[in-house]
Amino acid sequence: MSKIWVHAEVVDDKIVNVAFELLSKAHDLAEAMGGGTEVEATLVGSGLEKEAARLAEWGAKTIYLADDPDLRMYSPLTFVPILAELAAKHQPDIYLFGATATGSALGPAVAARLKTGTAAHCVDLRINEEKKLVSLVPSFGGKVIGEILCPGKNPQMASVKPGIFTKKDPIPVPVQIEKLDSSMWKKLDTQGLKPVNVVRRPPQGLPLNEADVVVCGGFGIGTKENWQLVEKLAQYLGGATACTRPAVDEGWSGEYCMVGTSGQSIRPKVYIGFGISGATHHICGMNESGVVINVNRDAEAPIFEVSDVRIVSDVNSILPLLVEAVKPKASW
Ligand SMILES: Cc1cc2nc3c(=O)[nH]c(=O)nc-3n(C[C@H](O)[C@H](O)[C@H](O)COP(=O)(O)OP(=O)(O)OC[C@H]3O[C@@H](n4cnc5c(N)ncnc54)[C@H](O)[C@@H]3O)c2cc1C
């Protein structure tokens, strides 16, 4: 019987949403594979029995649970060998990870131990005629979508950003938790290293994924001064700022607000972009937005293909005017 596994990442003792998104997708893949393919999950952490039951609500038939206070915090020295040993023993056909900061490190490390491949930051997954996993990944600067296969190896592994797949309605199955014996990690040589604390940077401004209005700056904004106008416009509209990869590379903005395959996926009611070409790497993180407005001086820019309102103009002429137009007026 074929098996699709999803690794359920835990942050602050709770399973993160991308695990449920992946479980929903895993069910579609299982249906395409046929032959009673089962969906199962792996879970590592501490005090997670209740959380494990939530996985069963989303149709994970068997949950392999490594539960121990020593595993409360992520460490590659324990998580990687545990998951690799489990996969080697149970031989899943497909193993999916969230492309979060942790999942992006954990998935490939597990793949390396299993001497298999992993397709990172996929924008879609499907099953081909040979019942093999096809991972779709933007390539060549996002100009083409590459189809990645992992012939002759199992598990076929892939990671997907949060928000790419939709968390569908629950498909409850009876909980079947397989608790793993602690000898599996007690025997590991962690060289005396143990994570003791995680310090997270406090969120700056309105979180991107909660904003109704997102103002996004691309390479075409040209200067740090224009980036400040992008921030002002977002602030005056009560929204959040986002950016493309080059805006991060130029040092105008931080990676925390990058949108796309290596950044966040957003669905604001209104997306307003300035100087963005429309590479697939970026579009796949914003194409579920409500009304999409873009300003670009190139009338042929691909971003206009996913825009409801297309403004062919120079950022330098339109951005200062817009900021001035929405600036709160003094009330006296
Ligand atoms: C593995 C990988 C992952 C990646 N992940 C991401 C990701 O998550 N997010 C992301 O955004 N990118 C990502 N990228 C990069 C991505 O492929 C593109 O290079 C990037 O999205 C392009 O950003 P841009 O549109 O801002 O810049 P460009 O492609 O350089 O486009 C700039 C646009 O601005 C316009 N312009 C220039 N000057 C002006 C002006 N004065 N007024 C008006 N318009 C102007 C131009 O006509 C052009 O269309 C990734 C790349 C790789 C290889």
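One-based numbering, in listed order, for ligands and for the atoms of each.
- Heavy-atom proximity to Gly218, at under 4.0 Å, picks out these atoms of ligand 1: 26 (O).
- The shell of residues lying under 4.0 angstrom from ligand 1, judged by heavy atoms, includes Ser313.
- Here the side chains of His121 and Ser262 are in contact, with some heavy-atom distance below 4.5 Å.
- Only the side chain of Ala279 comes within 4.0 Å of ligand 1, judged by heavy-atom distances.
- Using a 4.0 Å cut-off between charged nitrogen and carboxylate oxygen, Lys61 and Glu38 count as a salt-bridge pair.
- Arg200 has a carboxylate O that lies under 4.0 Å from a charged side-chain N of Asp12, or vice versa, which qualifies the two as a salt bridge.
- Note on Asp28 versus Arg126: no salt bridge recorded, every NZ/NE/NH1/NH2 to OD/OE distance being 4.0 Å or above.
- Between Lys168 and Glu21 there is no salt bridge, since no side-chain N of the basic residue sits under 4.0 Å from a carboxylate O of the acidic one.
- Listed by number with element, the atoms of ligand 1 under 4.0 angstrom from any heavy atom of Gly263 are 8 (O).
- Around atom 46 (C) of ligand 1, the closest heavy atom drawn from Val312, Val315, Asn296 belongs to Asn296.
- Using a 4.0 Å cut-off between heavy atoms, Ala247 makes no contact with ligand 1 at all.
- Proximity of Val259 to ligand 1, defined as any heavy-atom pair under 4.0 Å, is confined to the backbone N, CA, C and O atoms.
- With His121, Arg245, Glu255 as candidates, the residue nearest to atom 12 (N) of ligand 1 on a non-hydrogen basis is Arg245.
- Using a cutoff of 4.0 Å between basic side-chain nitrogens and carboxylate oxygens, Lys131 and Asp93 are not scored as salt-bridged.
- Close approach of ligand 1 to Ser277 is summarised as follows: ligand atoms under 4.0 Å from at least one heavy atom of the residue are 25 (O), 28 (P), 29 (O), 31 (O), 33 (C), 48 (C), 49 (O).
- At a heavy-atom distance under 4.0 Å, only side-chain atoms of Met258, from C-beta outward, approach ligand 1.
- Using a 4.0 Å cut-off between heavy atoms, Pro246 contacts ligand 1 through its side chain alone, with no backbone atom that close.
- Among Gly220, Gly285, Ser139, the residue whose heavy atom lies nearest to atom 36 (N) of ligand 1 is Gly220.
- Using a 4.0 Å cut-off to heavy atoms of Thr244, the atoms of ligand 1 that qualify are 11 (O), 23 (O), 24 (P), 26 (O).
- Salt bridge annotation for Glu57-Arg54: absent, with no cationic side-chain nitrogen under 4.0 angstrom from a carboxylate oxygen.
- Near Thr261, with a cut-off below 4.0 Å to any heavy atom, the atoms of ligand 1 are 3 (C), 4 (C), 5 (N), 6 (C), 7 (C), 8 (O).
- The cationic group of Lys167 lies under 6.0 Å from the six-membered ring centre of Phe20 and within 45° of the ring axis, placing it in a cation-pi geometry.
- The pair Glu85-Arg113 fails the salt-bridge criterion, with no side-chain N (NZ, NE, NH1 or NH2) lying under 4.0 Å from an Asp/Glu carboxylate O.
- Heavy-atom proximity to atom 7 (C) of ligand 1, evaluated over Glu300, Lys161, Gln264, His281, is greatest for His281.
- A side-chain donor-acceptor contact under 3.5 Å links Tyr95 and Thr42.
- Checked against a 3.5 angstrom limit, the closest N/O atoms of Asp298 and ligand 1 fall outside it.
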